[in-house]
Amino acid sequence: MRLATDGYKVLARAELPRDTVLLAQHLIGKILVRETPEGSFSGRIVETEAYPVGDAAGHAYRGETLRNHALFLCRGHAYVYLAYGASYLLNVSSETSGIGAGVLVRALEPLDGIPSMQRNRRVQNLRDLTRGPGRLTAALDIDRRLDGIDLCRMGPLWLARDDHDVPEIGRSARIGLSRETDRPLRFYVRGDRFVSGPKTLNR
DNA sequence: AGTGCGATTGACT
DNA sequence: GTCAATCGCACTA
């Protein structure tokens, strides 16, 4: 049987910038692939946020712990944590092994496996399916089980290259923080309907 | 051992 | 637009 995701090619670690902020920009337009026994899901990344070294809003700021261990893996690993006791959030580790930093994936354009994602989310509306960091993980059935996984190898969760043109990328302050609120470390596809946040934040 | 607090979401005015 | 739910974790004692 041919999977919907058969045509995708895994993103090589060597292609990933070694800098957290550059990685956040680089991941825009790339494809996130989720493979489960029930089926395959995918979506194009349309919004990210960088949490670089020394950022007081970053989970690695106070050093390595059991929870944030995956942030200290070399770039291209998944860090998944539970936010507000309700939503799992997916990060891509950045930097080299032993340095804690990451990129939050905030929104996807749904591509493959949309009916299953609609079941996972109990939502029909395509625009609400993966618009938001906690929504996209629910749609793709991502939780702590996937924490620490290598996203540069095909498996239950991985990143794929895209053959499309590089989209026009906008930049703004990050969303939902109480510290470091002014740093312009959020990146998004300009005008894209699947970007989260108020409309004024996707121009 | 107890406490305070989110990198959010969905329901509601 | 506002607001409460919810729970793992980091921090204090």
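Below, read A as the first sequence line, B as the second, and so on, with proteins coming before strands; counting in each chain starts at 1.
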E47(A)-S196(A) side chain donor-acceptor pair, cut-off 3.5 Å: yes
Quickly work out the E49(A) CD to dT8(B) P distance and round it to whole Å. 7 Å
Atom pair distance, as rounded to whole Å: CD in E64(A) and C1' in dC9(C): 15 Å
For the atom pair OG (S87(A)) and CG (L136(A)), what is the distance rounded to the nearest 0.5 Å? 10.0 Å
Between C1' on dG6(B) and CZ on R179(A), what's the gap in Å once rounded to a whole number? 10 Å
Any chance you could measure N120(A), atom CG, to L140(A), atom CG, to the nearest 0.5 Å? 8.0 Å
Over how many whole Å does the gap from Y84(A) atom OH to dG6(B) atom P extend? 7 Å
Should R62(A) be listed as having a side-chain N or O under 4.0 Å from OP1 or OP2 of dC9(C)? no
Wobble G-U and Watson-Crick pairs count when both distances are under 3.5 Å; given that, what is the 5' to 3' dot-bracket string of DNA chain B, with | for pairing to other strands? ||||||.|||||.
Decide, yes or no, whether a salt bridge links K9(A) with D163(A) under the criterion of side-chain N to carboxylate O below 4.0 Å. no
So which nucleotide from dC9(C), dT8(B), dT9(B) ends up closest to the side chain of R135(A)? dT9(B)
Could you check whether L82(A) gets within reach of a base, just the sugar-phosphate, or nothing at all, counting any heavy atom under 4.0 Å? sugar-phosphate
Are any of the side-chain nitrogens in D55(A) or R174(A) under 4.0 Å away from the carboxylate oxygens of its partner? yes
Could you say whether L136(A) or S178(A) is positioned toward the 5' end of DNA chain B, judged by the nucleotide with the nearest heavy atom to each? S178(A)
Base, sugar-phosphate, or nothing for A86(A), non-hydrogen atoms under 4.0 angstrom? nothing
For D147(A) and dG8(C), what is the distance between atoms CG and P respectively, to the nearest whole Å? 15 Å
Presence of R121(A) side-chain N/O under 4.0 Å of dG10(B) phosphate oxygens OP1/OP2: yes
To the nearest Å, give me how far apart CG (L177(A)) and P (dC5(B)) are. 16 Å
Under 5.5 Å and under 30°: Y51(A) stacked on dA7(B): yes
Would you indicate what R174(A) reaches in the nucleic acid, counting non-hydrogen atoms under 4.0 angstrom: base, sugar-phosphate, or nothing? nothing
Would V21(A) and R171(A) satisfy side chain to side chain contact (heavy atoms under 4.5 Å, CB included), going step by step from the backbone distance to the final call? CA-CA 11 Å; V21(A) 178; R171(A) 182 170 186 166; 4.1 Å; yes
Between atom CG in L71(A) and atom P in dC9(C), what is the gap in whole Å? 14 Å
Side-chain N or O of T65(A) less than 4.0 angstrom from OP1 or OP2 on dA10(C)? yes
Other residues, nucleotides, ligands: >12 heavy atoms within 6.0 Å of R18(A) CZ: no
Spacing between Y88(A) atom OH and dC7(C) atom C1', to the nearest angstrom: 10 Å
